Enquirer: 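Sharing a structure here in structure tokens format.
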Amino acid sequence: MAYNFAEIEPRWQKRWAEEKPYKVKRDSSKKKFYCLEMLPYPSGRIHMGHVRNYSIGDVVSRFLSMKGYNVLHPMGWDAMGMPAENAAIKSGRHPREHTYDHMKMMRAQLQNLGFSYDWDREIASCDPEYYRWNQWMFLKMMEKGLVYRHRRSVNWCPSCRTVLANEQAEGGTCWRCDSDVELKELEQWFVRITDYAEELLNDLDELPLWPENVKAMQRHWIGRSEGSFVEFRLPAVDEGLEVFTTRIDTIFGATFVCLAPNHPLVKKIREVSPEREAIDAFVIKMNRMSREERLASTEKLGQFTGIYAVNPFTKEEIPVYLANFVLMEYGTGAVMSVPAHDQRDFEFAKKYKLPILPVIVPEPGFHYDNELTEAVEATGVLVNSGEFSGLTSDEAKQKMNETAESGGFGRGAVTYKLKDWGISRQRYWGTPIPVIYCDNCGIVPVPEADLPVKLPDDVVFTGEGGSPILTSESFLHTACPKCGGNARRETDTMDTFMDSCWYYYRYLSPRLDTAPFDTEEAAYWTPVDLYIGGVEHATMHLIYTRFFTKLLRDFGLLKIDEPVKKLVTQGMVIKDGRKMSKSLGNVVDPDDMIQKYGADAVRVFMLFASPPEKEIEWKDQGAEGALRFLNRVWNFAENNGEIVKTETEFDTATLAGKEKKLFQKLHQTIAKVGDDIEKRLHLNTAIASLMELFNLLSATEIKEGVLKAVAGAVYRDLVRMLMPFAPHMASELGELYGFDASRWPELKQEFAVADTFTLVVQVNGKIKDKIEAEQGISADEAFRLAAESERVSAELAGRNIVKKIYVPNRLLNLVVK
RNA sequence: GCGAGAGUGGCGGAACUGGUAGACGCGCCAGAUUUAGGAUCUGGUAUGCUUCGCGUGUGGGGGUUCGAGUCCCCCCUCUCGCACCA
């Protein structure tokens with residue numbers, strides 16, 4: 001009977017669901033392996049990216065289980081977030097119903113692919129028993145002073161009355177209603193991730209098995225910068241203006257100061273400024289510019305404010321400008337401008353005819369003869385810098401920091417681009433922030449015993465009037481836990497990145513109701529040995545999750561510093577050279593493919609087409625090829641049932657000829673496939689070598705006894721090695737032909753090397769002949785063989801051999817003159 | 001602009017430590033089977049030439065080496081990330 005995946009696959013899936021062979025328990029007698037894949041958002045359908053991601057993880061999990069590891073391989077749902085809420089606004093259906101329906105559909109799809117998850121550990125972040133621990137952690141952080149409330153400006157749609165993420169406010173208009181987006185100051189909850197910035201940066205060096213590009217992205221994201229804060233007095237408004245600079249050594253060359261157009265002091269300055277109208281016009285112009293416009297142009301735009309700042313080192317007054325290139329988001333939103341030594345300041349000074357004063361020279365005694373044509377940004381030696389003249393930049397930085405500090409107008413400091421994490425969302429479908437506002441007691445945390453603070457059900461989803469939670473009377477009004485008086489609940493919910501920060505610890509004890517997870521389980525299972533997911537999470541999720549691990553460690557729940565030993569970021573699945581998307585109409589649905597080719601063939605093709613980190617182009621023909629291969633393997637057993645079934649002992653020591661060659665190929669393959677999976681995760685070459693082994697087996701004419709026994713053994717081991725890739729077929733073959741396909745074949749190292757090799761003979765580096773030779777021959781023997789070759793001896797005739805280079809078991813190069 | 005990575009047949013890719021370039025698969029060509037198509041099986045498939053052989057070939061140019069896809073320098077192209085970061 002032909003290989004009927006449509007019948008075989010569902011049968012095994014059902015059996016796995018019933019018998020739970022992938023259920024695992026802590027067992028300290030076994031070596032553990034925690035294989036984790038990024039959990040999906042329940043969008044309703046699995047897509048090809050998931051198939052690829054989870055197929056990679058499944059191969060590693062199954063392989064290591066077969067090798068006797070205790071493998072934890074869980075799956076769950078990142079179930080909160082905006083899409084469900086937006087769907088609720090459209091359909092009126094509660095996000096919960098919507099989400100649980102989606103989870104059900106997607107769980108079925110994952111099961112259709114035959115993934116070896118321990119489904120008993122499944123979690124969903126929208127379950128109150130899950131998100132109560134988000135709340136618990138929030139309270140813990142609150143206790144430790146790691147959260148605070150702060151006003152920050154956010155994108156605000158006045159018609160939807162909600163906060164928009166940057167990508168929802170592109171072009172300055174709301175993605176849903178097209179209203180102009182405003183910047184609005186809102187009180188929000190922030191988490192002090194910057195307290196851990198230094199550790200998050202330094203510990204990247206402790207992650208040798210993370211891809212370099214991800215670490216580079218995180219370093220850049222954290223953006224450590226050593227410099228100084230310096231205060232310039234603004235006599236006109238009687239205020240101090242703090243600037244951040246990495247080049248305090250150039251401060252004697254500061255000829256003006258620039259503020260971001262939205263700097264808070266601008267309001268005060270315009271009150272006293274003769275340039276008030278010009279300032280207002282400039283600020284409005286800048287606010288109107290969209291993000292794209294700002295990014296597209298590097299033209300320097302500025303406006304004199306009419307007031308002056310006092311340089312604390314020179315005591316001189318220099319003009320204060322507004323400038324488009326100064327960003328409120330970085331540093332203090334104000335810079336001292338040194339046009340001689342900063343290219344941006346140089347361009348600005350040229351445009352607005354401001355003085356350019358060099359204060360750094362490359363070496364002592366150097367003079368700039370001509371006017372500068374560009375800024376000299378290199379460090380060097382100070383000139384025109386009062387008592388600091390003659391010092392090197394490095395010496396000056398230190399001395400000047402000391403001077404500033406003792407003078408009370410500055411200090412050396414380290415800043416980060418990483419900002420504290422704003423976790424407030426004016427949304428319904430997220431974890432309620434467990435805080436109560438009382439008129440008498442102020443901000444009161446919800447007592448731990450009252451957790452979880454559940455999302456209310458008496459809400460209306462209109463899409464207007466802000467968060468739907470505001471429509472819930474039962475939620476809004478509560479009693480103050482401290483004084484019992486009337487109080488109001490926090491209506492903001494948490495960023496969903498909070499949910500995904502620690503979910504893989506919840507898998508360890510998913511139903512525990514006394515703590516987020518069991519610390520003994522954690523001591524056994526953590527860290528995650530392999531984490532597979534998309535590179536799009538390189539910064540956000542993967543920084544937050546590293547941060548949370550450090551937090552939980554400091555709370556005493558974990559003993560590790562880093563959550564993930566090895567990280568793999570898999571490439572996208574594309575079609576016709578482009579990302580799959582609905583708008584391009586090139587989406588390939590995994591269900592269709594499973595129906596057409598079967599889950600095993602889809603998995604094999606996905607893994608065979610490319611190594612994990614590369615992009616992969618979906619091609620139906622590729623899946624056909626994978627199916628063809630599986631078919632041939634299946635048919636071999638059909639045609640050679642007796643050989644496959646009959647396990648005959650044979651003496652490996654007496655193997656010779658074809659049977660030895662075949663047996664050696666088997667063990668070479670066992671070694672290669674194991675290596676490819678375990679060390680390199682190059683599943684494409686692992687599959688290729690399985691194909692090679694099968695090609696050799698099927699090309700071998702099997703007639704007499706020993707060869708039959710060897711061929712049977714080879715076939716059975718081939719099926720075992722196919723198990724991680726094509727588990728349905730391998731399981732079925734094992735059962736049909738009565739052998740245990742669930743153990744990884746044992747490697748006989750002595751057979752993993754062939755006993756002959758192709759000796760490549762080169763003359764002056766050019767290949768002249770290839771000779772079959774015994775493994776382990778000496779250089780002299782190799783030379784003797786080469787000399788016997790007609791082609792080689794013809795090359796050598798009448799010439800002197802200057803040098804012989806012999807690479808054992810590979811090649812002989814003769815250098816002649 | 002800065003940072004990371006990549007350029008190998010018609011295509012996806014292989015070559016792991018400097019040692020046979022193109023494994024394995026797709027596609028294509030030819031043959032077998034078939035009424036036909038599909039499926040299957042067998043063989044071929046980098047390229048040039050004076051074709052049982054010889055030469056050339058891993059984005060381009062140079063270098064190190066007995067030997068370079070692999071190491072070094074310069075250049076080109078592409079992908080990803082960040083981007084007026086003070």
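Since the model is a prediction, treat every value here as computed from it, not as a measurement. Residue numbering restarts at 1 for every chain, and letters A, B, ... go by the order of the sequence lines.
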Enquirer: Taking 4.0 Å as the cut-off, does a side-chain nitrogen or oxygen of A:R632 come that near to OP1 or OP2 on B:C24?
Expert: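 The answer is no; no side-chain N or O of A:R632 sits under 4.0 Å from OP1 or OP2.
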Enquirer: Give a yes or no on whether the backbone of A:V816 and the side-chain of A:N764 come within a donor-acceptor separation of less than 3.5 Å.
Expert: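 Indeed, once roles are kept as given, a pair shorter than 3.5 Å links the two residues.
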Enquirer: Give me the distance, rounded to whole Å, that separates B:U17 from B:G55 when you measure between the C1' atoms they each carry.
Expert: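 So the two C1' atoms sit 31 Å from each other.
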Enquirer: For A:W634, which of A:Y3, A:Y715, A:F5, A:F694 qualifies under ring-ring contact (aromatic ring centres under 6.0 Å, His included)?
Expert: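 Result for ring-ring contact (aromatic ring centres under 6.0 Å, His included) with A:W634: A:Y3.
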Enquirer: What is the nucleic acid contact for A:R219, judged by heavy atoms within less than 4.0 Å: base, sugar-phosphate only, or nothing?
Expert: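 Nothing, no heavy atom under 4.0 Å.
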Enquirer: Considering every strand and a 4.0 Å limit on heavy-atom distances, what is the contact class for A:D345: base, sugar-phosphate, or nothing?
Expert: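 The residue A:D345 makes no contact with any strand.
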Enquirer: Base of B:U35 relative to its sugar, syn (within 90° of 0) or anti?
Expert: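 For B:U35, whose glycosidic angle is more than 90° from 0, the conformation is anti.
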Enquirer: Looking only at atom C1', what distance separates B:U45 and B:G25, rounded to whole Å?
Expert: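 B:U45 and B:G25 have their C1' atoms separated by 14 Å.
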Enquirer: Can you find a side chain N or O atom of A:R680 that sits less than 4.0 Å from OP1 or OP2 on B:A15?
Expert: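 Answer is yes, contact under 4.0 Å.
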Enquirer: Distance check: side-chain N/O of A:R628 vs OP1/OP2 of B:C24, anything under 4.0 Å?
Expert: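 A:R628 to B:C24 OP1/OP2: no side-chain N or O under 4.0 Å.
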Enquirer: Would you please confirm or rule out a distance under 4.0 Å between OP1 or OP2 of B:C66 and any side-chain N or O of A:K803?
Expert: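 Yes.
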Enquirer: What pattern of brackets, bars and dots sums up RNA chain B from 5' to 3', given Watson-Crick or G-U wobble pairs under 3.5 Å, [ ] for crossing pairs and | for another strand?
Expert: (((((((..(((......[....)))((((((.......))))))((((...))))..(((((..]....))))))))))))....
Enquirer: Is A:E347 salt-bridged to A:K350, going by a charged N under 4.0 Å from an acidic O?
Expert: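 No, A:E347 and A:K350 are not salt-bridged.
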Enquirer: Counting distance only, does the side-chain N/O of A:D769 pair as donor-acceptor with the main-chain N or O of A:V761 below 3.5 Å?
Expert: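 No, the answer is negative, given that no donor and acceptor are paired below the 3.5 Å cut-off.
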Enquirer: A:N213 side chain N/O closer than 4.0 Å to the phosphate oxygens (OP1, OP2) of B:U79?
Expert: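 No, outside the criterion.
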Enquirer: Look for any protein N or O under 3.5 Å of an N or O in nucleotides 10-12 of chain B and output each such pair with its distance, or none.
Expert:
| unit_1 | atom_1 | unit_2 | atom_2 | d |
| --- | --- | --- | --- | --- |
| B:C11 | O2' | A:K619 | NZ | 3.2 |
| B:G12 | O2' | A:A609 | O | 2.7 |

Enquirer: Looking only at side-chain N and O atoms, does A:R344 come under 4.0 Å of OP1 or OP2 in B:C85?
Expert: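 A:R344 to B:C85 OP1/OP2: side-chain N or O found under 4.0 Å.
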Enquirer: If I take atom CD in residue A:Q570 and atom P in nucleotide B:C80, what distance separates them, rounded to the nearest angstrom?
Expert: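 So the CD-P distance, A:Q570 to B:C80, works out to 16 Å.
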